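Heads up: the structure comes next, in structure tokens.
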There are 2 protein chains.
Amino acid sequence: MPLRARADESCELRKLELFADMQDVHFDSLMRRAYVQNFPPGIDLIAEGDPSDFLHVLLDGGAELYATWNGRETSMAIVRPVSTFILAATARDAPYLMSARTLQKSRIMLLPSVDVREIFDSDPAFSRSIVRELAQCYRSVVKNTKTLKLRTGTERLANYLIRQYRNAGDAGFDLPIEKRRLASYLGMTPENLSRAIKALQPYGVTVRGSHVEIADDTDLSRLAKPTELIDDFTF
Amino acid sequence: MPLRARADESCELRKLELFADMQDVHFDSLMRRAYVQNFPPGIDLIAEGDPSDFLHVLLDGGAELYATWNGRETSMAIVRPVSTFILAATARDAPYLMSARTLQKSRIMLLPSVDVREIFDSDPAFSRSIVRELAQCYRSVVKNTKTLKLRTGTERLANYLIRQYRNAGDAGFDLPIEKRRLASYLGMTPENLSRAIKALQPYGVTVRGSHVEIADDTDLSRLAKPTELIDDFTF
DNA sequence: CGCGATTCTTGACATGGATCAAGATGGCGC
DNA sequence: GCGCCATCTTGATCCATGTCAAGAATCGCG
């Protein structure tokens with residue numbers, strides 16, 4: 001059952017770069033037309049090809065963007081709160097290129113795309129924020145293409161682990177998603193992810209279940225060769 | 001030797017969606033600070049990692065965007081006139097993620113990034129155009145990722161050929177770039193591109209040199225399974 | 001807690017694609 | 001038009017990765 005946005009949810013949204021600079025009157029009118037809905041895990045939120053009726057904002061939980069073709073499926077991105085997804089489709093009033101499903105119990109805000117576009121036409125600060133956001137998204141996908149085309153599976157895993165490791169701060173962290181999804185995201189099969197993990201053991205990587213320990217960053221980095229021009233994006 | 005933009009060059013630019021709607025005064029001021037330069041083939045225009053000092057506009061010729069890592073190189077996109085490239089880096093004032101080189105003798109307009117950003121802050125119509133352009137770019141890269149992760153090399157080639165075929169209109173067309181670059185763009189080696197071409201012969205594809213003939217679109221389409229959600233982008 | 005379903009791992013094998021090497025083709029400048 | 005150089009093709013081989021199958025570990029749920 002869709003519900004109106006609560007005040008605290010609006011506040012959280014307002015902190016996002018995308019909505020921080022827009023005029024109060026526009027933000028309020030957007031919030032008045034927004035819905036908030038709770039979903040259980042594993043629910044399909046949108047399907048590729050559908051018209052982009054709503055800009056989605058993940059308030060809580062987790063979601064996966066994925067794509068399919070000819071019976072095959074691949075994980076394109078993982079969305080963590082608080083962030084929007086499918087902004088480009090909304091901006092262009094074009095069909096979704098990716099499907100989305102919840103990974104956990106999730107709270108999602110739905111902003112009607114027509115309202116977003118209307119306000120983006122009349123609020124220069126908002127359209128500037130959208131530019132920054134879209135440019136960011138674009139650069140993330142380019143980086144992802146670079147890792148896919150220039151690195152082997154094991155190298156992609158190594159760099160992924162280093163990113164997680166540096167985000168976490170100290171020695172150990174947990175994989176934020178199931179291994180089969182991670183494998184798909186990294187462009188390999190679950191079987192090959194298992195083998196790639198083993199191949200990284202000599203570099204000080206220990207994985208037990210979803211817990212990862214990295215003994216020494218420098219050893220792994222010699223293999224992974226992370227660079228700001230590919231690896232500085234989150235997730 | 002950099003030259004000021006000529007009037008006819010400005011006119012051509014003005015026809016681009018990106019610059020069509022901006023205010024005259026802003027467009028004129030952008031043109032006054034623009035340079036036009038001619039380059040021979042094979043010249044490096046920008047290198048990944050460099051600060052994005054200029055928004056580039058290809059007026060004539062052809063350019064390749066490519067990326068490197070650890071001694072490997074891959075072709076990311078081919079730019080045809082008249083179009084801009086590296087808009088996202090300019091928008092975010094961030095380093096280039098890709099390098100660019102000329103493929104043919106090319107005429108290129110250089111718009112100082114600071115000026116582009118300044119005008120994008122003060123001209124709502126321009127920033128709306130940038131939103132549309134960036135959303136388009138984003139969607140192109142997402143489509144490219146989908147084809148890379150969901151299709152085999154031969155399938156990618158088949159869909160590429162169908163796109164070219166439908167752009168050209170009738171039976172025959174010429175490959176717009178060397179095969180080795182096409183191979184890299186499609187994510188394979190030149191050797192494998194040769195073999196993939198042979199594998200498509202039974203589907204009515206004939207390639208002699210750079211000339212391609214496709215006997216019957218339907219036969220090839222049964223293999224390629226093109227879809228608007230991956231294949232409608234140009235190049 | 002225990003059972004069933006899913007996910008994960010491992011091994012054996014198949015295959016797509018890369019690499020290496022050599023020869024054919026083609027474009028370009030003299 | 002000839003010769004040179006780069007590109008392209010082809011075949012042989014190798015390697016990375018996908019597939020299939022079976023067993024182990026894990027998770028969710030009653």
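Note on naming: letters A, B, ... go to the chains in the order of the sequence lines (proteins, then strands), and numbering restarts at 1 for each one. This one's a predicted model, so the numbers in the text were calculated from it and none came from an experiment.
- With Asp216(B) contributing its side chain and Thr218(B) its backbone, the two residues share a donor-acceptor pair below 3.5 Å.
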**OP:** Give the intermediate values and the outcome of salt bridge (Lys or Arg N to Asp or Glu O under 4.0 Å) for residues Glu213(B) and Arg208(B).
**Re:** CA-CA 9 Å; Glu213(B) 301 257 344; Arg208(B) 289 185 63 82; over 6 Å; no
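- Using a cutoff of 4.0 Å between basic side-chain nitrogens and carboxylate oxygens, Asp60(B) and Arg80(B) are not scored as salt-bridged.
- Annotation: the terminal axes of the helix from dC1(C)-dG30(D) to dC30(C)-dG1(D) meet at 50°, where each axis is the rotation carrying the C1' atoms of four end pairs onto the next four (5 pairs per end, rounded to 10°).
- Under the 3.5 Å distance criterion, with hydrogens and angles disregarded, a donor-acceptor pair is assigned to the side chains of Asp44(B) and Tyr66(B).
- Side-chain atoms of Glu48(A) and Thr68(A) include a donor-acceptor pair closer than 3.5 Å.
- Against DNA chain D, the stretch residues 148-158 of chain A makes heavy-atom approaches under 4.0 Å through Thr152(A), Gly153(A).
- At the phosphate of dG17(C), neither OP1 nor OP2 sits under 4.0 Å from any side-chain N or O atom of Thr189(B).
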**OP:** List the steps, then state whether salt bridge (Lys or Arg N to Asp or Glu O under 4.0 Å) holds for Glu73(B) with Arg101(B).
**Re:** CA-CA 13 Å; Glu73(B) 174 181 323; Arg101(B) 64 166 73 96; 3.1 Å; yes
**OP:** Sugar-phosphate means primed atoms, P, OP1 and OP2; the rest is base. With that split, encode nucleotides 5-10 of chain C 5' to 3' as B, S or - using protein heavy atoms under 4.0 Å.
**Re:** --SSBB
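- In the model, Ser113(B) has a side-chain atom that pairs as donor or acceptor with a side-chain atom of Thr90(B) under 3.5 Å.
- Side-chain atoms of Asp231(A) come within 3.5 Å of backbone atoms of Thr227(A) as a donor-acceptor pair (strictly under, hydrogens ignored).
- Around the CD atom of Glu228(A), the shell of radius 6.0 Å holds no more than 12 heavy atoms that belong to other residues, nucleotides or ligands.
- Comment: Arg72(A) engages Glu155(B) in a salt bridge, judged by a side-chain N to carboxylate O separation of less than 4.0 angstrom.
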